[in-house]
Chemist: 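Questions regarding the structure given below will be posed in turn.
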Amino acid sequence: MTTSAGPAAAVERADLPHGCLPSRHQRRILVCAAAAPTGPSELHRATARWQRQYIGGVFVRIPATATQQHRVLAEFTAAGCSPQTTHFYRPADLAALGPLARRIAGLRLAHGCDPVRTAELLVLGATDVVGPYPPQDLAAARAVARCVNTHIGEDWLVRPEATPIPGTSPPAGGPQAHRAPTPGELDDHFADTARALAAEAESRLEILDQLPPDTGTDCRAAPYAVTGPGHG
Amino acid sequence: MRTTAALRALLDFDTADYIDHARSVGRDRLDPALRAWMAEAYEDVTVILALDGDRLSRQERAVLRLAELVFQSEWKLALPEGESPEQVAARGGGPLDRRGKRYQPYGNVRLLNHALGTRGHAPDSAVERACWQAVRAIASGWRAYEQRTVDGTETWAQDALPDPALLGERIVRLDALVSLTGGRAPALRPAAATPPRRLRDYLTPHWRANILEHLTVLPQTTQHDEVTFLRVIHLVEATTWGVLARVMSAAEWLRAERWEYASECLDRAAALAAAQTEALLVMRRTMPVEHFHGFRAATGDASAVQAFPTQLLHIHLLGVHPEKVQALHEATENAYVLLHHNPDFEPLRDLLHRVPDEAAGRRVLDAAHRLDQELYAWRKIHYGVAMRYLPAQTTGSGGTSGAPYLRSFYQDRLFDADRSLLPQHRSAETAAPGPWVRARPVLSPFN
């Protein structure tokens with residue numbers, strides 16, 4: 001039995017039978033910021049806390065337009081998120097995911113799903129997805145991960161799970177608002193994040209390189225194929 | 001494509017010749033023209049992968065990913081004196097671009113990480129397995145190397161040999177270390193007897209063993225015990241990654257109140273920590289002090305303070321120690337670890353204080369205590385190594401004060417002598433690194 005994220009059903013055993021320790025990945029959290037203004041919220045406070053608990057493991061997807069980006073960044077930094085420890089990125093920063101998206105599309109596991117969105121989740125290694133995310137793309141990512149992991153025999157790819165926003169106590173050090181980055185600093189930040197995502201994409205491509213050439217045919221059979229929302 | 005000729009030269013690079021030449025004269029004395037070519041080749045590789053990657057075949061891409069790691073070491077070592085962070089920033093580089101004889105290129109640590117699978121978001125079980133496999137492969141390969149030395153058939157790094165009694169003890173200890181790996185993970189396919197000719201030959205099913213046996217062990221000199229030093233560095237790195245992976249998982253299981261899984265993770269971490277101690281003792285018991293002095297100058301600015309898995313393990317167990325903050329600031333490649341120095345980060349010690357006082361909770365504390373004992377034993381030996389091999393009032397490599405630096409925190413641990421959990425040291429101040437430093441996850445492609 002393996003799981004890649006989050007607590008499973010409670011099981012208490014005094015002695016674990018050999019081989020029954022579930023493997024787990026380092027926690028990585030994808031926060032999807034809303035396009036419309038929300039003001040300070042539980043999501044911002046939770047993200048501020050997560051990015052201090054899971055150094056390097058918090059990614060915030062921000063809207064595409066410049067106006068919305070500035071507003072969203074201001075909300076997160078006011079709540080205590082630092083551009084040093086939070087990876088903010090725009091949809092355009094996912095350009096390097098093209099080759100991976102094409103490989104995923106070749107597996108033909110999820111008709112009607114966006115392979116770039118699927119690649120996004122797998123590249124981030126998101127164990128937790130917080131905020132609005134198309135459920136069919138989440139299901140597709142889980143299906144791809146399950147299929148690839150089964151063929152390789154190890155849980156290399158994370159199966160992301162939708163995670164509710166926790167009711168969060170404020171950060172232990174008290175609220176520590178950060179200055180929103182200047183436009184120049186923001187450009188550098190996005191470039192650095194895009195570079196990190198490109199490197200992560202190469203890492204996932206290395207995993208897919210281990211698959212036999214006919215894996216796509218194999219994966220299209222149940223139980224991997226996504227047939228609708230909620231599957232995966 | 002940048003140029004077909006450039007790609008062809010990269011793909012046809014004679015890796016065997018590079019390794020044989022480096023080993024016969026010492027890496028420090030490699031043909032300067034070859035080193036310069038490799039340094040430029042690194043820049044070519046990064047450009048091709050970034051701009052022409054779509055037009056490469058799957059194998060070409062895989063070869064260039066490996067080439068990037070091989071050539072980057074030479075690119076970094078091409079500047080023999082240390083490059084300051086200010087000089088790096090002035091040419092537009094980031095912390096990971098710092099050149100000079102630093103720990104990472106000196107030990108070919110990125111190649112080691114590639115073999116361990118710690119350059120990607122891997123599950124803890126895979127990291128642990130890879131670590132045990134690496135320990136077995138490294139210890140076995142090193143043992144065979146020492147046996148060939150005893151037999152008089154080994155051809156490289158044969159200056160200043162230890163006396164036969166020490167070599168004999170070293171072989172016995174390496175046999176014991178190999179035995180510790182029994183039953184932990186399937187053995188890797190054995191490495192080739194001689195270095196494979198091309199980089200693509202390191203993509204075969206034997207690739208991990210070949211990297212560990214041939215590509216990572218390139219001493220700067222022809223001093224025999226510099227091989228010992230490098231092998232111990234690799235063994236300590238490998239075991240530390242395994243311990244770290246299981247400690248991070250244990251922390252998450254504790255947050256989820258899955259006590260049995262947390263216990264199991266900590267037990268497995270303790271086993272790896274025990275192997276780590278045995279690895280260090282091979283050097284401590286069989287390498288004379290004067291042998292270390294024979295190659296120490298050639299290690300340049302390389303220092304264990306730059307070994308970020310060790311720093312991260314300490315942080316995930318105990319938090320950022322106040323006495324280490326300055327040294328971590330100066331090891332700019334890894335200064336991001338200072339971002340853990342904040343009130344919301346919960347090291348294992350914090351989480352253990354919340355374990356329930358019942359049977360399952362006590363098993364967690366027992367396992368944590370075993371791990372604590374093993375790591376404390378290792379730190380004591382490491383401190384003893386510094387005292388033994390570094391003359392008094394000598395600075396350690398990398399700018400620390402050497403033994404006094406280690407003394408200031410080697411006793412920081414989870415439990416007191418009476419098995420009570422020690423309180424977490426608190427600091428109201430954060431220790432933010434410079435604004436150009438970005439966080440990265442523990443298992444990152446930049447490792």
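Worth saying up front: this structure is predicted, and the values here are computed from it rather than measured. Atom set for the values below is all heavy atoms of this structure, side chains included, hydrogens, waters and symmetry mates excluded. Letters go in sequence order (proteins before strands), and every chain restarts at 1.
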Chemist: Taking C-beta and beyond as the side chain, do A:Leu205 and B:Arg61 meet within less than 4.5 Å on heavy atoms?
Modeler: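 When only atoms from C-beta onward are counted, B:Arg61 and A:Leu205 do touch, with a gap below 4.5 Å.
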Chemist: Looking at chain A, which one of B:Ala251, B:Ser263, B:Ala126 has the largest number of heavy-atom pairs inside 4.5 Å, strictly under?
Modeler: B:Ala126
Chemist: Against chain A, label B:Glu346 side chain, backbone, both or neither, depending on which of its atoms sit under 4.5 Å from a heavy atom there.
Modeler: side chain
Chemist: Among residues 186-194 of chain A, which ones touch chain B with a heavy-atom distance under 4.5 Å?
Modeler: A:His189, A:Asp192, A:Thr193
Chemist: Return the minimal non-hydrogen interatomic distance between B:Asp344 and A:Arg49, and the atom names on each side.
Modeler: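 Shortest heavy-atom separation between B:Asp344 and A:Arg49 comes out as OD1-NE, 3.0 Å.
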Chemist: Rounded to the nearest 0.5 Å, what separates atom NE2 in A:His25 from atom CE in B:Met248?
Modeler: 11.0 Å
Chemist: Hey, are the side chains of A:Glu154 and B:Arg129 touching, using non-hydrogen atoms and a 4.5 Å cut-off?
Modeler: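 Yes; the side chains approach each other to less than 4.5 Å.
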Chemist: Nearest heavy-atom pair of B:Arg438 and A:Thr86: which atoms, and what distance?
Modeler: NH2-O, 4.2 Å
Chemist: Take A:Leu21 and B:Cys265, measure what side chain to side chain contact (heavy atoms under 4.5 Å, CB included) needs, and give me the verdict at the end.
Modeler: CA-CA 8 Å; A:Leu21 174 65; B:Cys265 281; 4.0 Å; yes
Chemist: So what's closer than 4.5 Å to chain A heavy atoms on B:Arg440: side chain, backbone, both or neither?
Modeler: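 Backbone only.
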Chemist: Taking every heavy-atom pair that is under 4.5 Å apart, which of A:Glu185, A:Gln53, A:Arg27, A:Glu206 has the most such pairs with chain B?
Modeler: A:Glu206
Chemist: Determine, stepwise, if the pair B:Phe446 / A:Arg195 fulfils side chain to side chain contact (heavy atoms under 4.5 Å, CB included).
Modeler: CA-CA 10 Å; B:Phe446 295 132; A:Arg195 183 168 155 255; 4.1 Å; yes
Chemist: Give, for atom CG of B:Leu64 and atom CD of A:Glu202, the distance between the pair rounded to the nearest 0.5 Å.
Modeler: 10.0 Å
Chemist: Quick check for you: to the nearest 0.5 Å, what is the distance between B:Phe345 atom CZ and A:Ile55 atom CD1?
Modeler: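 Here the interatomic distance stands at 7.5 Å.
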Chemist: I'd like to know which of A:Ala96, A:Gly125, A:Gly56, A:Ser82 tops the heavy-atom pair count under 4.5 Å against chain B.
Modeler: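 Among A:Ala96, A:Gly125, A:Gly56, A:Ser82, the one with the most close pairs to chain B is A:Gly56.
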Chemist: Determine the option with the most heavy-atom pairs under 4.5 angstrom with chain A, choosing from B:Glu128, B:Arg119, B:Arg255.
Modeler: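 The residue among B:Glu128, B:Arg119, B:Arg255 with the greatest pair count is B:Arg255.
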Chemist: At a 4.5 Å cut-off on heavy atoms, which part of B:His114 comes close to chain A: side chain, backbone, both, or neither?
Modeler: side chain
Chemist: Hey, are the side chains of A:Asp209 and B:Arg65 touching, using non-hydrogen atoms and a 4.5 Å cut-off?
Modeler: yes
Chemist: Working note: A:Arg204 + B:His121, criterion side chain to side chain donor-acceptor pair (under 3.5 Å); need CA distance, chi angles, decisive distance, verdict.
Modeler: CA-CA 9 Å; A:Arg204 304 300 174 268; B:His121 194 213; 4.5 Å; no
Chemist: I'd like to know if A:Arg24 pairs up with B:Asp124 as an ion pair, taking the criterion as any Lys NZ or Arg NE/NH1/NH2 lying under 4.0 Å from an Asp or Glu carboxylate oxygen.
Modeler: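 No, this pair does not count.
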Chemist: Side chains of A:Glu200 and B:Pro441, heavy atoms from C-beta outward: is any pair under 4.5 Å?
Modeler: yes
Chemist: Does the side chain of A:Gln26 come within less than 4.5 Å of B:Ser249's, by heavy atoms?
Modeler: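 No - every pair of side-chain heavy atoms lies 4.5 Å or more apart.
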Chemist: Would you give the length of the straight line joining atom CZ of B:Arg58 to atom CZ of A:Arg103, rounded to the nearest 0.5 angstrom?
Modeler: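 Answer for the CZ-CZ pair, B:Arg58 versus A:Arg103, is 3.5 Å.
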Chemist: Can you tell me how far CG of B:Leu339 sits from CD of A:Gln51, rounded to the nearest 0.5 angstrom?
Modeler: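 One finds 9.0 Å between CD of A:Gln51 and CG of B:Leu339.
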Chemist: Verify whether one side chain among B:His340 and A:Arg52 offers a donor that lies under 3.5 Å from an acceptor in the other.
Modeler: no
Chemist: Which one, B:Ala245, B:Gly120, B:Pro445, B:Pro123, leads in non-hydrogen pairs under 4.5 Å with chain A?
Modeler: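 That would be B:Pro123.
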Chemist: Tell me, out of B:Ala122, B:Ala62, B:Ser444, who's got the most heavy-atom pairs with chain A below 4.5 Å.
Modeler: B:Ala122
Chemist: B:Tyr261 and A:Cys20: which non-hydrogen atoms are nearest, and at how many Å?
Modeler: CE2-O, 4.0 Å
Chemist: Evaluate whether atom CG of B:Asp357 has more than 12 neighbouring non-hydrogen atoms of other residues, nucleotides or ligands under 6.0 angstrom away.
Modeler: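 Incorrect, the count does not exceed 12.
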